[in-house]
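Computed from a predicted structure; not experimentally measured. FYI, the numbering just counts along the sequence from 1.
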Amino acid sequence: SATYVINLPPAAAPAFNPAAGTYTSVQKVKITDATTGATIYYTLDGSTPTTVSARYTAAITIGQTTTINAIAVTSGFSNSSVASATYTLNLPPAAAPVFTPAAGSYTTIQKVKLTDSTTGASIYYTLDGSTPTTSSAKYTAAITVSQNTTINAIAVATGYSSSSVASATYIITLPTAAPTFTPAAGTYGQAQMVTLASVAPNPTIYYTTDGSTPSESSTQYTGPIAVSATTTIKAIATAIGFTDSPVASAKFTLVSSPRVLTGLASG
């Protein structure tokens with residue numbers, strides 16, 4: 001019987017270039033080993049590397065604070081001790097996104113454009129009040145804002161940390177649809193019953209027949225308006241959540257039909 005206990009010398013621990021430390025720019029970290037023919041394995045998640053970990057083949061790009069753990073493995077040596085290097089990156093933040101048009105109150109639907117002064121920046125945004133991340137919607141085209149909305153956005157670019165959150169609130173108050181007249185304005189030979197309507201949700205209509213501009217103090221429309229003489233009807237519509245409609249106007253001209261007398265001509 002013969003027992004052989006093999007105590008192989010360990011491979012040299014990997015070395016990092018640049019060395020661990022605090023940096024203000026993205027780093028390209030090279031890993032080398034003094035043991036000839038050694039293969040290097042590494043992790044970036046804080047775990048201990050093994051031969052099933054990522055194999056080092058090219059410089060590792062470090063764009064955020066990261067700890068690299070690495071071992072060297074080669075024939076004729078036991079695995080090296082774990083070498084570790086922590087890179088703390090204090091990158092300058094990307095510029096915060098800018099909104100066009102600016103936040104504010106509007107009476108029309110808005111197309112909001114997001115821009116950023118940091119070259120190559122990508123913008124991510126939310127519309128539900130939450131803080132945006134790189135998993136949020138990516139800005140690719142103007143955002144249509146048709147109701148009260150808060151847009152939160154960040155900019156992300158290589159060589160920079162994420163920007164601060166930019167926020168813009170848009171208050172959209174659309175006008176009520178203007179009233180329509182049935183029948184339409186025009187010249188008629190007999191009295192008309194004029195109906196007013198608006199496509200707004202649950203509208204209230206106010207009108208005048210004396211040429212004045214209608215307001216919510218004017219006569220409220222409750223049913224067809226009898227027009228028996230030339231009359232101009234002006235009307236507005238109101239609805240909850242909307243501004244007052246533009247003034248709609250219709251002139252109804254009433255003319256009497258000429259009488260035609262028939263009979264024998266005197267001779």
Side-chain angles (χ1 to χ4, degrees), residues 98-115 125-129 137 139-153 167-267:
V98 174
F99 304 86
T100 304
S105 297
Y106 295 90
T107 57
T108 58
I109 293 173
Q110 298 298 301
K111 295 281 191 178
V112 180
K113 295 182 179 180
L114 307 185
T115 56
Y125 69 94
T126 62
L127 302 177
D128 60 1
Y139 175 80
T140 57
I143 303 167
T144 299
V145 178
S146 59
Q147 59 185 346
N148 295 350
T149 301
T150 295
I151 304 176
N152 292 327
S167 184
T169 298
Y170 296 86
I171 305 299
I172 307 297
T173 308
L174 301 177
T176 308
T180 57
F181 302 86
T182 304
T187 301
Y188 295 90
Q190 59 185 6
Q192 298 294 309
M193 296 297 287
V194 180
T195 300
L196 308 184
S198 171
V199 296
N202 300 315
T204 301
I205 299 174
Y206 300 90
Y207 70 94
T208 62
T209 57
D210 60 1
S212 62
T213 300
S215 68
E216 292 185 27
S217 298
S218 303
T219 303
Q220 182 175 333
Y221 175 79
T222 57
I225 304 167
V227 176
S228 58
T230 296
T231 303
T232 296
I233 302 176
K234 294 184 177 181
I236 60 169
T238 65
I240 295 175
F242 296 83
T243 58
D244 292 353
S245 76
V247 175
S249 181
K251 183 176 182 180
F252 297 87
T253 302
L254 273 292
V255 295
S256 298
S257 300
R259 288 187 177 182
V260 178
L261 300 178
T262 60
L264 294 175
S266 57

**Prompt:** Quick one: does Asn148's side chain have a donor or acceptor within less than 3.5 Å of a partner on Ile172's backbone?
**Reply:**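 Confirmed, Asn148 side chain pairs with Ile172 backbone.
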**Request:** For Gln110 and Thr108, indicate whether the former's side chain and the latter's backbone hold a donor-acceptor pair under 3.5 Å.
**Result:**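 A pair under 3.5 Å: yes.
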**Request:** Quick one: list whatever passes side-chain hydrogen bond (donor to acceptor under 3.5 Å, both in side chains) with Ser105, sequence neighbours left out.
**Result:**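 By the side-chain hydrogen bond (donor to acceptor under 3.5 Å, both in side chains) rule, Ser105 matches no residue at all.
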**Request:** Would you list the pairs meeting side chain to side chain donor-acceptor pair (under 3.5 Å) in which at least one residue belongs to residues 169-198, sequence neighbours left out?
**Result:**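 Qualifying pairs, neighbours excluded: Thr150-Thr169.
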**Asked** Which residue, Thr144, Thr100, Ile143, Val145, forms the side-chain contact (heavy atoms from CB on, under 4.5 Å) with Lys111?
**Response**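 Of the listed residues Thr144, Thr100, Ile143, Val145, the side-chain contact (heavy atoms from CB on, under 4.5 Å) partner of Lys111 is Thr144.
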Expected list for residues 223-236: side-chain donor-acceptor pairs under 3.5 angstrom, two or more places apart:
{"unit_1": "Thr230", "atom_1": "OG1", "unit_2": "Leu254", "atom_2": "N", "d": "3.1"}
{"unit_1": "Thr231", "atom_1": "OG1", "unit_2": "Ala229", "atom_2": "O", "d": "2.7"}
{"unit_1": "Lys234", "atom_1": "NZ", "unit_2": "Gly211", "atom_2": "O", "d": "3.0"}

**Asked** Hey, mind stepping through Thr204 and Glu216 against side-chain contact (heavy atoms from CB on, under 4.5 Å) and telling me if it holds?
**Response** CA-CA 9 Å; Thr204 301; Glu216 292 185 27; over 6 Å; no
**Request:** Before giving the answer on side-chain contact (heavy atoms from CB on, under 4.5 Å), spell out for Thr213 and Val247 the whole-Å C-alpha distance, their side-chain angles and the decisive distance to 0.1 Å.
**Result:** CA-CA 8 Å; Thr213 300; Val247 175; 4.0 Å; yes
**Request:** Quick one: pull up OH in Tyr206 and CG in Leu196 and give me the separation to the nearest 0.5 Å.
**Result:**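 CG of Leu196 is found 13.5 Å from OH of Tyr206.
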**Prompt:** Does the side chain of Tyr106 reach to within under 4.5 Å of the side chain of Pro101, using non-hydrogen atoms?
**Reply:**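 Tyr106 reaches Pro101 side chain to side chain.
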**Asked** Heavy-atom count around Gln220 CD within 6.0 Å, excluding the residue itself: above 12?
**Response**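 Yes.
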**Message:** Does Asp210 have more than 12 heavy atoms from other residues, nucleotides or ligands lying within 6.0 Å of its CG?
**Reply:**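 Yes.
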